[in-house]
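Working notes, structure below.
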Amino acid sequence: MQISLSTQTYSAPVKNKSVAGEVLSIAGEKFNKGIGVHAHSKFRIKVNDGQKFSAKVGVNDSQINYNSENITSIPLTDGKRIYYHMSESKKQFVGVEGSLGGVDNGSVVFILLNNGKEIYNSGVMKAGNTAKEVNLNLKRGILEMVVEDAGDGESGDHAVWAEPQINYFEVPPIMVAYDYEGERVVQSQEVDLRLKEMISQLPEISVPLSQPDYDWLIDNHKAKAEVYRSSNGKDIIISNGLVARTFRVSPNLATIDYVNQMTGESILRSVSNEGILVIDGKEYSVGGLSGQPEFAYTLMDWVDDMTITPNSFLIQNFEVKDIEDRLEWKKVRWASNLHMPSGKELIFTLLKDNILVKVHFVLYDGIPTLSKWIEVINNGNIMVQLNQFKLEQLAMVEGESLVDIPKHFEKPNIHIETDYAFGAMQQKTSDKTTFWETDPRYTSQTNYAMQLPAILEVSPPLGPDTAIAVGDTLRTFRVWETPFDSHDKERKGLFVRKMYRTISPWTTENPIFLHLTTTDPFKIKTAIDQCAEVGYEMIILSFGSGLDMEKESDEYYSKYKELVGYAKSKGIELGGYSLLSSRWISDEVDVINPETGKRGGMIFGSSPCLSSDWGYNYFRKIRRFF
């Protein structure tokens with residue numbers, strides 16, 4: 001469940017660890033599964049067909065040394081101090097100062113409410129008390145899981161819901177957010193006026209957007225990207241005549257429409273934010289508007305009445321410019337496309353609590369492809385931890401509507417790809433970042449169990465859980481989104497091929513090469529002669545050849561230098577493979593399987609960690625050989 005929808009006074013709830021990052025343990029009893037929280041904490045769950053709730057509850061055991069040199073304390077507005085365990089790459093909440101200084105031994109009360117009625121109260125539980133078992137029948141409606149301090153303050157109240165489980169019949173329970181309590185954020189009048197003035201300077205485009213009168217696969221010269229303003233003066237539209245995305249910036253940034261102009265269809269059901277950031281365990285929306293009454297479709301009249309999503313980054317500025325090259329392409333051989341892509345880039349700048357976020361959109365000339373990425377800039381005075389991010393969270397029109405739950409739902413007719421892809425020989429199986437999720441807000445959907453995959457989320461499968469130092473920037477990977485104009489498999493293949501060749505023209509620099517499985521100099525020279533004669537351009541000393549780039553030997557270097565020289569004299573490039581993954585080094589060096597906490601069992605069996613001392617030494621050897 002999406003536990004970040006909870007409310008909590010200090011830090012944020014943690015899955016499968018205590019709120020302070022320790023192993024789940026109550027009076028010495030260890031648990032693999034559970035949720036660590038800090039009083040005061042509340043979870044709100046729509047039970048649906050849930051019938052029983054069970055868990056064990058108690059205060060987590062702690063071995064934290066608050067006098068350690070790695071512990072840093074930060075003053076809060078209430079005069080207390082919050083403690084973090086800090087390293088160069090990680091920031092972990094570990095506690096809140098008590099009344100006598102330091103962190104107290106915690107004492108809490110666990111409470112369960114079903115439709116507002118108390119159905120369980122643990123009484124006071126202190127650190128060291130044995131875990132209490134909870135087994136309760138549920139009625140439909142709302143279940144609230146509450147942890148309160150026991151009247152002696154919240155310091156040290158590191159509570160645990162161990163092995164919490166809801167048994168349900170058909171419709172799964174879902175975590176839901178609490179109604180926002182407190183002062184709502186309002187955009188400053190100065191920023192609002194500046195954005196309106198900037199929008200007024202953009203060229204105007206008529207809405208509804210027109211459909212192209214040509215087939216872009218045959219002739220795409222008319223498909224030119226531009227950033228426009230809508231006729232109502234409120235919206236920014238980036239369009240190239242094939243695909244368009246519409247943004248509202250007041251009272252905050254949000255995508256309010258996403259149009260496949262080739263078919264004339266909107267592919268978006270409801271207003272959507274520009275992503276999610278989980279920073280120091282707390283979830284923040286990048287822009288976003290709240291208050292949509294129905295999530296099957298959007299009426300533009302509704303948008304005017306929507307409000308700023310609580311706990312969101314607020315828009316400050318935007319910029320339009322021509323797109324820049326993603327990399328310096330040093331052409332060394334023939335290519336079927338010699339030109340880097342052209343188009344427009346639209347950059348929105350948002351701010352919250354001294355953290356700046358830049359949301360980049362690129363729309364290309366000539367293809368129905370939109371690209372997006374985010375920069376997170378730490379302008380504060382302390383390191384922040386980016387635990388997770390969602391680059392996209394779009395409420396898409398579903399691919400099909402079914403009452404039951406098939407083994408495979410038909411997904412929306414759009415190609416999604418990122419440059420964070422790995423572990424396979426084809427796009428489909430190397431895609432680790434595209435997730436089609438359910439939308440519990442979409443209550444009018446056909447599917448009885450509300451399991452339609454109708455939310456597009458683009459995010460890394462794990463983490464990144466990485467620190468952003470003061471003054472530093474983290475840039476996410478990029479996503480490319482290409483809607484199709486039909487379900488014809490061959491036509492869709494042409495769309496994707498044209499996308500690759502446009503956004504990454506270096507992929508058309510495609511040498512004809514030979515895999516050679518020997519390092520015998522005579523056989524290598526024979527292969528070079530043969531390749532030169534028939535028009536091959538490259539030889540790769542492949543796996544099984546015996547090439548060892550990690551071997552540090554002047555005699556070894558001389559051997560391959562002589563062979564490279566011979567190849568060049570014949571117009572042939574000579575290269576080779578070095579095995580990085582699919583090898584076992586040691587428990588200290590190999591990457592850890594998140595499922596087991598040990599090495600092994602990953603995509604390639606095992607792989608050394610690139611950031612280990614071994615990894616740095618490996619790359620030093622490879623570079624020297626090269």
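This one's a predicted model, so the numbers in the text were calculated from it and none came from an experiment.
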Test item: E400 side-chain N/O and E410 main-chain N/O as donor-acceptor pair under 3.5 Å: yes
Search all heavy atoms of T429 against all heavy atoms of A424 and return the closest pair with its distance. OG1-CB, 3.1 Å
Answer yes or no: does atom NZ of K568 have more than 12 heavy-atom neighbours from other residues, nucleotides or ligands under 6.0 Å? no
Is K492 positioned over the aromatic face of F484, cation under 6.0 angstrom from the ring centre and no more than 45 degrees off axis? yes
Test item: D431 side-chain N/O and E417 main-chain N/O as donor-acceptor pair under 3.5 Å: no
For L327, look at atom CG and say whether over 12 heavy atoms of other residues, nucleotides or ligands are found less than 6.0 Å away. yes
Kindly indicate whether a cation-pi arrangement holds for K551 with F625, taking the cut-offs as under 6.0 Å to the six-membered ring centre and within 45° of the axis. no
Test of ring centre spacing under 6.0 Å for F495 and W216: yes
Test F318 against F361 for ring pair (Phe, Tyr, Trp, His ring centres under 6.0 Å), laying out the working first. CA-CA 11 Å; F318 72 88; F361 292 92; over 10 Å; no
Minimum side-chain heavy-atom gap N32-N16 below 4.5 Å: no
Indicate the atoms forming the closest heavy-atom contact of W614 with E550, along with that distance. CZ2-OE1, 4.2 Å
Side chains of R599 and S607: any donor to acceptor distance under 3.5 Å? no
Do the non-hydrogen side-chain atoms of W329 and P505 ever get within less than 4.5 Å of each other? yes
